[in-house]
Amino acid sequence: MDLEMNLNASHSMGTTIIGVTYNGGVVLGADSRTSTGMYLTDNVYVCRSGSAADSQIVSDYVRYFLHQHTIQLGQSATSKVAANLIRLLSYNNKNMLETGLIVGGWDKYEGGKIYAIPLGGTLIEQPFAIGGSGSSYLYGFFDQAWKEGMTKDEAEQFVVKAVSLAIARDGASGGVVRTVIINSEGVTRNFYPSDKLQLWHEELEPQNSLLDLLNSSSPEPMNI
Amino acid sequence: MALKLPQNSLLGSQSDSQRTLYPYVTGTSVVALKYKDRILMAADMGGQQLALGSIDLKPFSYVHMRYKSVERMKPIGKHSLLGASGEISDFQEILRYLNELILYDNMWDDGNSLGPKEVHNYLTRVMYNRRNKFNPLWNSLVLGGVKNGNKYLGTVSMIGVNFKDNHVATGFGNHLAQPILRQEWHENLSFEDGVKLLEKCMRVLLYCDRSAVNKLQIAKITEEGVTIHQPYSLKTYWEFSTFENPAQGAIGSW
């Protein structure tokens with residue numbers, strides 16, 4: 001086995017990030033192994049994946065630019081502007097950056113929008129976007145279960161389910177599910193700890209101790 | 001394709017910082033042909049994203065996912081249509097350059113407008129000069145247009161190779177579609193024949209190019225302007241008996 005370590009390798013974020021539109025706004029979701037929805041402006045948030053340092057610095061720059069832009073514009077920035085700023089930084093520094101981002105926001109001109117900006121700096125506007133290492137396990141799920149025009153609650157439940165499915169299978173995702181809902185009324189942040197999520201295949205109901213199982217009315221002895 | 005990440009030394013990233021090393025999100029073939037007095041172009045809506053991974057801490061890349069609604073053909077000004085294969089972010093950047101070019105042209109307000117020949121020339125210069133700086137725009141471009149009744153169809157590669165022809169293709173299209181076009185293209189194709197010919201090419205690409213996606217668009221350029229038709233999918237046939245049951249002639253194989 002090769003024991004040589006690349007000490008300058010970027011500190012990577014194993015994570016799962018999701019952004020979906022619904023009729024009225026967007027829902028962003030992520031596991032907690034990342035700093036989830038990062039605030040860019042009041043009505044636009046970004047989910048980060050890839051190198052932690054790279055995605056942080058890009059988000060910081062964009063927050064800074066958007067702040068100035070908002071002052072000059074005299075009203076809140078649009079999600080399209082935020083996404084394009086991210087694209088500019090990602091594209092013009094593509095050789096040095098290793099970060100994939102999902103921008104989601106609501107503005108009065110276009111409503112809820114999700115933009116994916118993967119490695120390389122391509123800007124793709126989509127009804128939903130997924131990213132991070134855990135996203136590999138979700139393509140089939142989205143192909144089957146995604147539908148256009150969900151309600152806010154349907155969309156949020158969908159995102160929570162998706163992140164929790166990814167957490168179940170992706171070694172690099174885990175913890176809790178955080179969601180951010182952005183619409184005309186504002187921003188709502190929610191928190192779903194893992195014990196509140198439904199169980200998937202091969203997962204067992206969590207207990208306080210083995211002793212509780214042994215003492216319960218129908219013990220399950222294990223035959224060896 | 002071998003992945004090249006910045007070296008361990010602190011200076012490594014400086015010398016690499018001005019080079020495009022490899023494409024991340026790519027589109028596959030574009031095919032185009034002249035018919036009667038117009039141009040037809042086709043491209044699928046797929047984008048393949050490279051994923052980075054590592055095995056035993058050694059990085060490697062593999063094709064990771066597909067985007068299925070990437071628009072790889074865009075109208076340019078009044079007279080032209082640009083189709084691109086290769087890195088989508090570079091294509092988006094080229095569109096920005098061209099928008100600026102067209103804008104400045106319109107600002108002259110002199111009744112003249114840039115035609116496909118001029119746009120093709122501009123693109124050639126851009127691609128070749130980037131190649132000279134070892135920082136190419138990782139695309140193969142197809143530029144078609146009609147101006148003053150004259151039809152034009154040309155192509156530019158990422159290293160600046162450019163030429164005009166009656167039918168062109170990029171990437172796998174050169175290997176799979178061009179032979180078909182060389183046999184079956186002729187000067188006076190009708191719209192219907194042109195579409196059928198393009199669909200024949202796109203179908204072969206679907207069967208044989210692993211990066212192809214079954215969702216394509218066909219665009220038409222005429223003197224009146226550019227029309228990009230809505231996306232659609234092609235029917236395919238897979239029920240060849242030996243394909244269904246390959247072990248028939250050799251029991252025990254699969």
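By convention in this document, chain letters (A, B, ...) are assigned in the order of the sequence lines, proteins followed by strands, and residues within each chain are numbered from 1.
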Within 6.0 angstrom of Y61(A) OH, more than 12 heavy atoms from elsewhere: no

Exceeds 12 heavy-atom contacts within 6.0 angstrom, atom OH of Y64(A): no

Whether over 12 other heavy atoms sit under 6.0 Å from Y237(B) OH: yes

I124(A) side, atom CD1; E71(B) side, atom CD - distance, nearest 0.5 Å: 11.0 Å

Separation of Y24(B) OH from T122(A) OG1 (nearest 0.5 Å): 10.5 Å

Residue part contacting chain A, namely of F91(B), when any heavy atom lies under 4.5 Å: neither

P118(A) versus Q49(B), closest heavy-atom pair with distance: CB-OE1, 3.3 Å

CD/Q75(A): more than 12 non-hydrogen atoms of other groups inside 6.0 Å: yes

Minimum heavy-atom distance D90(B)-K94(A), with the two atoms named: OD1-NZ, 3.4 Å

Sidechain-backbone polar pair: S89(B) side chain, Y91(A) backbone, donor-acceptor under 3.5 Å: no

Heavy atoms of other groups near H229(B) NE2, more than 12 under 6.0 Å: yes

Straight-line distance of E93(B) CD to L123(A) CG, nearest 0.5 Å: 11.5 Å

Atom CZ of F158(A) with >12 non-hydrogen neighbours under 6.0 angstrom: yes

